[in-house]
Every structure is written in C-alpha cells, then in structure tokens.
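Sequential numbering from 1 along the given sequence is applied to the chain's residues.
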Amino acid sequence: MDQAAALPSQLDALFAPWNRSDCPGLVVGVQRGGRPVYRRAFGMASLETACANTITTRMRIGSSSKHFLGLLVLLLQERGLLQLDNPIGLYLPELTGVNALPTLRQLLQHRGGTRCHLDLGFIGHGMLAAPEGCGLRTLLRQTGANFPPGEAMIYNNGGYHLVSLAASRVTGQPLDVLFKSHLFDPLGMSSTTLAPSDHVMTPGMASMHLPPLVDGQWRRGLFPSLEVLGEGGIVSTVDDMLTWATHLRSRNAFGAPESWAQLLQSHADGDGVSGRYGLGLMTITYRGMAIWRHPGGVVGGASEFISAVDGDLDIIILSNGAPGASPTALADRVMDIVLADRLDPPAPRPLLEDFAAWLGDYVSADTGFLYSLEPQDGALCLRIAKYATPVALILDADGSLVTGLSGIGTIRLRCEWADGQPSISLRFGGREERFHRLPAPAADETPDWAALAGRYESEESGLSATIQPQGDAAIVQFRDAWGVSDFELTAIGRSWLHMRPSSDPAAFGAVLWFPHGWSSGFVLHSARTRHLPFARAGKAGPE
C-alpha cells in the first residue's frame, strides 16, 4: 500500500481517542497541493444538545485570526488609508503618553510594549465579560508599559485590539464588514465571520467546553469579553481555512507582492538573529522544513494552522475542548506522518537527570521577574511567571536550551554556576538577562500574613488589591471597574508570592514581588504583564 492510500488510516489512528460521543472533539483538515486528502470530524459539537461535530461545524480559530488582521491592514496601506510605521496615536488620538507611541507594525509584531487589556481583565475581574468598549477604556488609562516600544517582545492581544480599532476608524466600517469585503467574500469563505462575543449565538458554531472539575460536569467556555476583534475573534470551518491556505500560496486574488512579503517579515533581534513573528504569522523551521503557522486558544477550545511551504502541505485543526488534545502537538504529528521521508530527525530533548541541579524557580535581581525550570511528563520545561502552561525545552547544537513553540519566539537559555549556585542566562526578543535560583523561604522568612493584610492600589491600571489572611495562608482579591477576582497566595521564596485563581488553579498564574519587604507595596508580573506596581493604601477593613 502506498503512502497516499495508507494516510487516512494512519491519521484516523492518531485522532481515534476523540472519536466518541461523550466528549467534545475536533475537526481536522489536511491538503496536499491545494487538494484535500483528509477531512474528518470527531466528538461532539455540543454535549448539551447531543450534536456531533461535522466537517461543516464552525469553530473559533482564536489567535490564528491575527494574520487575517495583519493582511487586512496591509491592504488598507495599499489604498493609502494608513501606514504600518505610523504611531497608533495618529489613528486613535485619544491615546496619550507611552500608549500613543508604538507603530502599528510594532503592535502587530508584539513589540509595542503597551499593557494588554485582556491580561489586566483576567486579573481584575476574572471570567466576567466586561461590556463592549472596556478594552479601549482599559488601555486609555495606562500610564506605564511592559517596555519601551521596539525594545523587547511580549505576546500582546491588546496591540491587536488597538490596530483593529484603527482599521475601523480610517475606513468608517466595523471590522466584521472589512474582513468580509476584503478577505472572505473574494475567496468564497462563506462560513467564516468575525464573532466578537460568545454571549451572542453564531449559527452552526460548536459550543466551547471546559473540562470537569470535582463534580464531573462539563462547563461552558465563554470568553470574558464582548468585543474580541482581530486579536482572536474569527469563526471558521476547516474547508474555509484550507481555501485560505491555498490563497496564501497563490496570492492571486488580492494583495501586492510587497504586502505579502511584509506579512511574513519579522523583526531581527538585537544580536542580528532573525525573529520569526511577522504580522500575525510565524515563519519557523520544523525538523528542517520551513513552515508558516499560528496556534489559537480560547476559553474552552484551541486551534492550529500550519502551511508547510516546501512540503506542499496544509493543516488545520479546530478543537472545542477535546480532552487532552493539543491541536499544536497533533498538527506536528500530522507533519511527522505525512512528511516522514522529508523531515530531519527530531531535535534531542535534554535528559532530566543532567539538569536535576537546576530545577526550581529563578528570579532577576533587577526586575523581580521569575522563570521556573521543572519536569513535566518526563520533559524538562520552562514556566513563565508561574503561568499554568510550561513549554518543553530542546537541546540546540551549541548546547544551549531553547523552547519549542513558545507562541512568538525562541527563548534561549544556558544553565550555569554563579558563585557556587545554579543560575540561568536567558535571552529572548533581543534581551539577555541573568536569573539566580530562588531559595525556598526559611522558617523565619515566610510571610507574616497579618502584616501583609491590607489594600493596595495600582494607579496606572485602575486595579486595586486586598490581601486577606485565612489561617496560615491568604488570598488576594483584585478589583476593577467591572468586577472582582480572587487568587490564592503561596510563598515561593524571599519576597516572592505566587498567585493563582481560587476557582480554577490551572487557569492563570502570576507572581507578586515585594522588593522592600513584606510590609511594602508589590510589583506584579505575569507572562504578559511586567512591572505593574501596587502601592500600599492601608490596612484591610470593611469596604
């Protein structure tokens, strides 16, 4: 049996764990040479209505939406309506200070440095859906930033939100109309649309599912925003996405050659090493094969989009909460199967025993930022600011450790000894920084939760926090204009606390750094928010 004939059964075996009627699932599309070779649906579109996924089921593609916005902005630039290298404040004049400075290109490449309204929302009001317009209102009040524009790189949905608003401002049309007229209709993508809210019914769309907690009941996945735009609001089908992949190769319906080149062009890091994130699409090498890709994640679902340029292979995987399924990992396995005779051997994984001395938390004495080296499923992983999802590390040819797919770029680190203690030298986005291992707090260094009790204010973000002791532990309750969110606090070292949601500990993570002792204010760091200061406002009491 030749490979083409064997392919469906091989892929069926890969996706067999989700071919069932008691859990949400996946819809998968694979094509070679612009012709579909595998189209299958698995699991349920809705456990509530007992409706199964089909090939025509619409699902959220999450952040795979980002390159659609990147291309739309390039088309508007062709018409002279905007310029990518102009500052965002030119198009949204209500932005002031540091928020007005980043260019559209910097925001689309996650190099703008501004805060992210979604990240601040997760902290301030948790999973409550704030009203339409709150994203811009949140971003307008920011006076601080993660970093100066262009100096580093942090994944930032807020930048894409601002660019989405700018596109609507210069055209006088809402983003869904722009997507439809400029991108979807010319390609006949009739099942693709912008759906800004999970609280509004979208015909033919699968429900998003969150896994059961202790009660064993599945939960509905609702994204905590009523205005998800170019940062991740597109709903599509596998067939429409395969049509889109075909046009990414032919580029014959719209877009000048220069626009297509800019879509894929990334910023070179400060050491001259090329980045890999263009305007919403990554160009990377997978086992020696050049590919374009971008994953997507929403509350209760995920996706992966891959176009293997030289392998003439396109893959789209959409999930509405399939248990234990990572569309990114599954898409890699599809490549392994389809391109088995054309891929280099997998990069070696570091042996855990070789790095046992370096496992633990690492902090920067200058910034208070924290990374962790930890084992997971037999792999050495890097976790950012105690966030829920660790990233597996591989060994590079020069002996350094690098992340696999970390979202936007390669984090490179070396495990070294400094003053007889383990340390790591970490480089990302053109910056290099030294991190020293954080020792576990000694008995006399654990927090005095009673002394920590009180209210803290972050003037620049509009967030407040109240630390409340609970026996030998504590919680911190954050509040913004739209609600509250509770987090459990755990001491992880001298001057550092870890916070995680009380309702779902796996959902989010961040660290609080008390640089001047437990009785002072703190600095909050999450994977996407850096250096957010909170000043002490007084002892806790009745609100």
Taking only distance into account, with no hydrogens and no angle test, what donor-acceptor pairs under 3.5 Å do side-chain atoms of residues 250-257 form with protein atoms, sequence neighbours excluded?
| from | atom 1 | to | atom 2 | distance (Å) |
| --- | --- | --- | --- | --- |
| Ser250 | OG | Asn252 | OD1 | 3.1 |
| Arg251 | NE | Leu248 | O | 2.9 |

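In this structure Phe223 satisfies the ring-ring contact (aromatic ring centres under 6.0 Å, His included) test with no other residue, sequence neighbours excluded. Under the salt bridge (Lys or Arg N to Asp or Glu O under 4.0 Å) criterion, Arg249 pairs with Asp312, Asp314, sequence neighbours left out. Here Pro375 pairs with Leu352, Leu359 under the side chain to side chain contact (heavy atoms under 4.5 Å, CB included) rule; sequence neighbours left out.
In this structure, the side chains of Tyr277 and Arg111 stay at 4.5 Å or more apart for every pair of heavy atoms.
Test Phe184, Phe68, Phe179, Trp292 against Trp244 for ring-ring contact (aromatic ring centres under 6.0 Å, His included) and you get one pass: Phe68.
Asp240 contributes atom CG, which lies 5.0 Å from atom OG of Ser191 (distance to the nearest 0.5 angstrom). Rounded to the nearest 0.5 Å, atoms CG (Asn320) and CE (Met208) are 5.0 Å apart. If you take CD1 on Ile234 and NE2 on His67, they are separated by 8.0 Å, rounding to the nearest 0.5 Å. Here the CG atom belonging to Leu263 is positioned 5.5 Å from the CG atom belonging to Leu71, to the nearest 0.5 angstrom. Atom CG in Leu84 sits 6.0 Å away from atom CG in Leu279 (nearest 0.5 Å).
For residues 13-43, the ring pair (Phe, Tyr, Trp, His ring centres under 6.0 Å) pairs, not counting sequence neighbours, are Phe15-Phe42. Within the structure, every pair that satisfies the side chain to side chain donor-acceptor pair (under 3.5 Å) test and touches residues 114-123, not counting sequence neighbours, is listed here: Arg115-Asn146, Arg115-Glu460, Asp119-Ser526, Asp119-Thr529.
Counted within 6.0 Å of CZ on Arg287, heavy atoms from surrounding residues, nucleotides or ligands total more than 12; the atom is thus considered enclosed. Annotation: Asp377, atom CG; neighbour count of heavy atoms from other residues, nucleotides and ligands within 6.0 Å does not exceed 12.
Ion pair Arg60/Asp198 flagged as a salt bridge, since at least one NZ, NE, NH1 or NH2 atom sits closer than 4.0 Å to an Asp/Glu carboxylate oxygen. The pair Arg293-Glu304 meets the salt-bridge criterion, with a side-chain N (NZ, NE, NH1 or NH2) lying under 4.0 Å from an Asp/Glu carboxylate O. One finds a salt bridge joining Lys180 and Asp185 here, because a Lys/Arg side-chain nitrogen approaches an Asp/Glu carboxylate oxygen to under 4.0 Å.
Closest non-hydrogen pair, Gly321 versus Ser319, comes out as N-OG, 3.1 Å.
For the residue pair Ser326 and Thr328, no side-chain donor N or O sits within less than 3.5 Å of a side-chain acceptor on the partner.
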